[in-house]
Undergrad: 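Let me give you the structure first, and then I'll get to my questions.
The figures that follow rest on heavy atoms only: side chains count, while hydrogens, waters and symmetry mates do not. The chains referred to below are lettered A, B, ... by the order of the sequence lines, with proteins before strands, and numbering in each begins at 1.
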There are 2 protein chains.
Amino acid sequence: MTTPSTGRVRMSPESRREQLLDLGTRLLATRTLDEVSIELLAEEAGISRGLLYHYFGNKQEFHAAVVRRAVEDIYAITAPRGIEDPLEQLAVSLGAYVDYVKENYTGYVSLIRAAAGGNEELRAIYQQARRALTDRIFEIAGAEQLAELGVVDSAATRLLVDGWAALVENVVVAWVEDPAGLSRDELLQRLALVLPAIVTR
Amino acid sequence: MTTPSTGRVRMSPESRREQLLDLGTRLLATRTLDEVSIELLAEEAGISRGLLYHYFGNKQEFHAAVVRRAVEDIYAITAPRGIEDPLEQLAVSLGAYVDYVKENYTGYVSLIRAAAGGNEELRAIYQQARRALTDRIFEIAGAEQLAELGVVDSAATRLLVDGWAALVENVVVAWVEDPAGLSRDELLQRLALVLPAIVTR
DNA sequence: AGCCGCTGTTGAACAGACGTCAATAGCGTT
DNA sequence: AACGCTATTGACGTCTGTTCAACAGCGGCT
């Protein structure tokens, strides 16, 4: 018998890192980000605290890595299929987003709260993700079609689009908790129509 | 000589509480809410840590008290003057809000981040404050005038108005940092027009 | 004036979590 | 079967939140 030995398990750095990030995002679904302590994570993963500091320099970096991972998931999952009409495309993109929020509600809410309340790095990560999501919408719509609608890409437009993203986020999260008599389609229609309303002069 | 004695100072509970809350909000302007530690506050106030636990049960309650105080300030300061035209009134109310954010930028940003990222109590306090601010706008406009514009008070309307509040908050904060070529009046116009756009069917 | 009691206030002690680092032990190589 | 690389540990130091019994300012009472 080759000594079943103590619990020490040696893994490749890649899979270990992966495991820890996975566990981190899973734990995030149940609690606040700063309740995802090094202590808890180490215990849950069956490793020593020290090992976490080997992979992620400190708590903040670990949290940043978890958020980055979660954000990438959202971006990938909500990737839109190609559709002709811009406004319909917008509604479809929003639909994918709404569905994602519905599926991963607790985790998603935890994420946005962590990002909003966190340090500069966390906020930057989230802000960038929001940008990527809205940029994708604009890319698909196409500059010419947007120009037809009276929308031009400018700093002011960016400002307002970011605001629209905040509105969408807020409304969707609240809607999932309490639809307030609105069907999914009605919700999507409303949200989609607001974008031109705010951005067109 | 009656012994100049040690630094121990005895105050009435009211003034002591007041002092600590004032100090707390002042410290919040320079740092994150959870950087406003019991340690720092005690040192800054020239008292022992223990005394804070006498006035506020624990860190979270203290933070909640600080946020509550800050939020009341905002509500009071942005109180609108009576104006006839609803849309103009709205713009004026927004103007007061924008000015407040400009004046107290770091403190305000600290506040909303704390509220967004904090525990349930903090979020509830902030959510309620937002409600109060938007409710005030609606009260002033008057139910009849709103009905003329096609706006009825319903759960769905509430949902969307809350979203609009999030948009406003987001846009105003970003605008203060970088106006993106928009004048104060242009900003107010845009924001005011978005409300009927989102809320009217 | 001097004692007394109420209570605002302190400081020591404990707990829990972050971060460091030299020592330890898997596992592939020879 | 010994060796070396490196993933992993565990003990230690520190910082901050929290508790609690003891202390002291201050007004009232004799």
Side-chain angles (χ1 to χ4, degrees), chain A residues 1-24 27-28 30-67 114 117-119 121-122, chain B residues 1-24 27-28 30-67 114 117-119 121-122:
Chain A
M1 210 181 287
T2 61
T3 59
S5 77
T6 57
R8 183 180 283 212
V9 179
R10 191 191 176 98
M11 296 175 63
S12 76
E14 303 79 44
S15 32
R16 180 64 87 185
R17 214 186 133 86
E18 204 65 12
Q19 175 209 2
L20 296 177
L21 281 179
D22 276 357
L23 181 55
L27 290 180
L28 182 59
T30 328
R31 62 213 90 213
T32 304
L33 183 61
D34 61 36
E35 284 170 355
V36 181
S37 61
I38 302 289
E39 190 103 10
L40 173 66
L41 201 108
E43 189 178 343
E44 210 69 24
I47 60 171
S48 68
R49 275 163 309 190
L51 192 57
L52 253 116
Y53 289 91
H54 178 69
Y55 283 99
F56 310 91
N58 55 41
K59 200 192 182 185
Q60 297 197 343
E61 277 187 40
F62 175 65
H63 283 170
V66 168
V67 168
N119 60 27
E121 186 174 7
L122 287 189
Chain B
M1 212 180 288
T2 61
T3 59
S5 80
T6 57
R8 183 179 282 212
V9 179
R10 190 190 176 99
M11 295 175 61
S12 77
E14 303 80 43
S15 33
R16 179 66 86 189
R17 215 185 132 87
E18 203 65 12
Q19 175 208 4
L20 296 177
L21 281 179
D22 276 356
L23 181 56
L27 290 180
L28 182 59
T30 328
R31 63 213 86 216
T32 305
L33 183 62
D34 61 37
E35 282 169 358
V36 181
S37 62
I38 301 289
E39 189 105 10
L40 174 65
L41 201 106
E43 190 178 341
E44 210 68 26
I47 60 169
S48 69
R49 275 166 300 182
L51 191 56
L52 253 115
Y53 288 90
H54 177 69
Y55 283 99
F56 310 91
N58 56 39
K59 201 192 184 186
Q60 298 197 342
E61 277 187 39
F62 175 65
H63 282 170
V66 169
V67 168
N119 60 28
E121 186 174 7
L122 287 189

Undergrad: Determine the sole option in L51(A), I47(A), V66(A) for which the side-chain contact (heavy atoms from CB on, under 4.5 Å) test with L20(A) is passed.
TA: I47(A)
Undergrad: What's the CD-P distance between E43(B) and dG17(D), to the nearest Å?
TA: 12 Å
Undergrad: State whether the number of non-hydrogen atoms from other residues, nucleotides or ligands found under 6.0 Å of E61(B) atom CD is greater than 12.
TA: yes
Undergrad: Whole angstroms only, please: what is the NE2-C1' distance between H63(B) and dT16(D)?
TA: 12 Å
Undergrad: Mark up nucleotides 8-19 of chain C, 5' to 3', with B wherever a protein heavy atom is under 4.0 angstrom from a base atom, S wherever such an atom reaches only the sugar-phosphate, and - elsewhere.
TA: BBBB-----SSB
Undergrad: Would you indicate whether the side-chain heavy atoms of R17(B) and F56(B) approach each other to under 4.5 Å?
TA: yes
Undergrad: Please examine the side chains of N119(B) and L122(B), heavy atoms only from C-beta on, and report whether any two atoms are closer than 4.5 Å.
TA: yes
Undergrad: Quickly work out the E14(B) CD to dT7(C) C1' distance and round it to whole Å.
TA: 13 Å
Undergrad: Roughly how far, to the nearest 0.5 Å, is the NZ atom of K59(B) from the CZ atom of R49(B)?
TA: 13.0 Å
Undergrad: Could you check if a side-chain atom of Q19(A) sits within less than 4.5 angstrom of a side-chain atom of M11(A), using non-hydrogen atoms only?
TA: yes
Undergrad: Would you please enumerate the stems DNA chain C participates in, each stem being three or more consecutive Watson-Crick or G-U wobble pairs with both distances under 3.5 Å?
TA: C:1-30 with D:1-30
Undergrad: Find the distance between NE2 (H63(A)) and CG (L41(A)) and round it off to the nearest 0.5 Å.
TA: 8.5 Å
Undergrad: May I ask you to check whether over 12 heavy atoms, not counting those of E35(B), lie within 6.0 Å of atom CD?
TA: yes
